[in-house]
Amino acid sequence: MNAFLPIGEAEAEARAHGICFKNGPPRRVGVELEWLVHDARDPARPVAPARLAEAHHDLRRLPLASLLTQEPGGQLELSSPPAESLTSCVESMTADLAIVREALRDHALRLAGFGHEPWHRPRRVLQLPRYTAMEEYFDRAGPVGRSMMCSTASVQVCLDAGTAGAGPDGYATRWRLAHLLGPVLIAAFANSPLRRGRPTGVRSTRQAVWTALDPGRTTAPDHADDPRDAWARFALGAPVLCVRAEEEGQPWAVPPTGLTFREWIRGRGRAAGLRPPTEDDLAYHLTTLFPPVRPHGHLELRMIDAQPGDDGWVVPLAVTTALLDDPVAAEAAHRAVRPLDLRPYERAPGNPLWRRAARGGMTDAALRLAADKCFAAAREALPRLGASTAIRDAVETFADRYVARGRCPADDLLDPYSITTTAGRVPARTAPLIGKDGRS
């Protein structure tokens, strides 16, 4: 099919159906790490856009195995190549991060592991047509889109979709388990309780931002026996975010509110002056969909906050990989989440269970129990997956420090804001997710 010719509805459905779940035995592991970039001497001081641009210019010349990109608010993202094992993925990314951190030190900057910017207002530093159109699109519904674009950071775990058959390696089983684990991963790794220097009342403010944002592109597809069918319906039924300009440097068009890709194919964009969509437009449209688990050939789990410390990201990568790739651990994970709501797709991340995970983290008794069992299964599985001693030790330390104590990394950030009463320690007054001035 010619990528420049208009695409038909049946062709678009077949394309979305066929490219997003590439089948094969699960063996490859990848990770995408988003980081906020802070001043090394005073993290609460905003970094000037020119300073970020200069640092990013130097970073682009580094000899990295990972792909390095810059997000709209100046966040850095490192995307690892697919690795043949968890250990090789961790070792490769660790080496790249060491190089990046050393280069940033020359600019008196550092990588900061928070799921949501704790001090600064959202501020877009990239003036690219894609992000200008994205900002215009999201601004129609309020300021939360700017927070998503400019103030959030995550650990995204990338694993093979799985085989075409049944059983723990089957893509349908792995797709379901990834959604079932979503609330547990949110709660265990919540690490974004602050906004503009004050608690928001939510341990994963990043997750709350995504929950409030454009459900037509961020909500999990409806359940179907074959996830490929569900994904194709979701993709064509999602609103079109923007239409790329045919000439370099020209502004991208923002379609009328609610125009879906299916409706664009059917000609409803003509009244707004839009050309018919092409295969390339569909491919781009798929990159603008942000459900909590995105089929991108592989499975991309997007619900985990960026983690503190130089190697905090290793733990969610290791735990998630173990629970999905080790058959014994996968079965244990299914048992662990069974007492929870087993409707993993219904309005996620906006359903009550996912909201509880974002708000309470590990203070939620049911989620804490499920997390404890999942971490136990992961710890047993990691040696079977050939995980290095350093990876196993990191998971053990995290489990002892947080899961066993009913805490998550967000609680470390909240401790200075708590006050002691006769009833124990309680949070101090919180800041709303969206301020009275309408700004994030």
Side-chain angles (χ1 to χ4, degrees), residues 31-47 52 55 69-78 93 97 100-101 104 109-125 144 146-157 185-213 302-317 349 357-362 398 401-402 407-418 427-428 430-435 440:
V31 66
E32 299 177 10
L33 302 180
E34 296 173 337
W35 300 88
L36 303 174
V37 180
H38 285 167
D39 184 279
R41 301 183 186 93
D42 183 3
R45 186 180 75 173
V47 179
L52 288 171
T69 55
Q70 190 176 28
E71 296 295 297
Q75 310 99 306
L76 290 180
E77 179 175 339
L78 281 85
M93 181 59 79
L97 284 170
V100 169
R101 289 191 174 99
L104 286 176
L109 298 172
R110 67 177 182 87
L111 299 178
F114 300 97
H116 188 278
E117 170 58 55
W119 295 296
H120 314 137
R121 291 183 184 274
R123 176 197 57 179
R124 182 162 64 92
V125 301
V144 71
R146 297 194 181 201
S147 284
M148 179 277 289
M149 292 173 61
C150 303
S151 298
T152 61
S154 66
V155 174
Q156 298 175 16
V157 178
L185 297 174
I186 292 168
F189 298 110
N191 185 43
S192 52
L194 306 178
R195 184 186 69 87
R196 293 169 59 186
R198 289 169 56 195
T200 63
V202 181
R203 282 172 171 78
S204 178
T205 300
R206 173 187 171 273
Q207 190 63 33
V209 165
W210 279 103
T211 300
L213 183 75
R302 304 175 51 86
M303 71 287 292
I304 302 169
D305 281 359
Q307 294 297 288
D310 287 355
D311 57 1
W313 57 273
V314 171
V315 180
L317 172 62
R359 179 169 294 278
M362 297 301 288
F398 186 98
R401 178 175 178 178
Y402 294 114
R407 289 173 63 89
C408 60
D411 292 305
D412 292 346
L413 298 172
L414 289 173
D415 281 344
Y417 296 86
S418 299
T430 61
L433 187 60
I434 305 298
S440 299

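- Side-chain atoms of P409 and Q307, non-hydrogen and from C-beta on, do get closer than 4.5 Å to each other.
- In this pair, H38 and W119 present their aromatic rings tilted. The plane angle is within the 30 to 60° band.
- Atom NE2 of residue H116 and atom CE of residue M148 lie 11.0 Å apart, to the nearest 0.5 angstrom.
- Looking at residues two or more places apart in sequence or on another chain, you find no side-chain hydrogen bond (donor to acceptor under 3.5 Å, both in side chains) involving R110.
- A search for salt bridge (charged side-chain N to carboxylate O under 4.0 Å, His left out) contacts involving D39 returns R45, R51, not counting sequence neighbours.
- Side-chain atoms of L413 and F114, non-hydrogen and from C-beta on, do get closer than 4.5 Å to each other.
- The structure places CG of L76 at 10.0 Å from CG of L97, a figure rounded to the nearest 0.5 Å.
- Qualifying side chain to side chain contact (heavy atoms under 4.5 Å, CB included) partners for A306, counting only residues two or more places apart in sequence or in other chains: A153.
- Residues passing the side chain to side chain contact (heavy atoms under 4.5 Å, CB included) test with S204 are I186, A190, S192, R206, Q207, D305, A358, sequence neighbours excluded.
- Applying the ring-ring contact (aromatic ring centres under 6.0 Å, His included) rule to W210 yields the partners F290; only residues at least two apart in sequence or on another chain are considered.
- Residues passing the side-chain hydrogen bond (donor to acceptor under 3.5 Å, both in side chains) test with E77, sequence neighbours excluded: S79.
- For the side-chain hydrogen bond (donor to acceptor under 3.5 Å, both in side chains) test, residues two or more places apart in sequence or in another chain that qualify with R407 are D412, D415.
- Looking only at distances, a side-chain donor or acceptor of H120 sits under 3.5 Å from a matching main-chain atom of A44.
- With sequence neighbours excluded, the residues forming a side chain to side chain contact (heavy atoms under 4.5 Å, CB included) with R123 are P46, P49, L52, V125, listed by chain and number.
- The ring-ring contact (aromatic ring centres under 6.0 Å, His included) search around F398 returns F189, F375, Y402, not counting sequence neighbours.
- Residues satisfying the side chain to side chain contact (heavy atoms under 4.5 Å, CB included) test with D310, not counting sequence neighbours, are R101.
- Using a 4.5 Å heavy-atom threshold, the side chains of S147 and L213 count as separate.
- Judged by distance alone, the side chain of Q75 and the main-chain N or O of M149 form a donor-acceptor pair under 3.5 Å.
- Residues T205 and L194 form no side-chain contact, since every pair of their non-hydrogen atoms from C-beta on lies 4.5 Å or further apart.
- Counting only heavy atoms from C-beta outward, the side chains of L185 and V157 never approach each other to under 4.5 Å.
- Although no hydrogens or angles enter the test, the distance criterion places a donor-acceptor pair under 3.5 Å between the side chain of R359 and the main chain of G201.
- Under the rule for a side-chain hydrogen bond (donor to acceptor under 3.5 Å, both in side chains), the partners of S154 that lie at least two apart in sequence or sit in another chain are E34, Q156.
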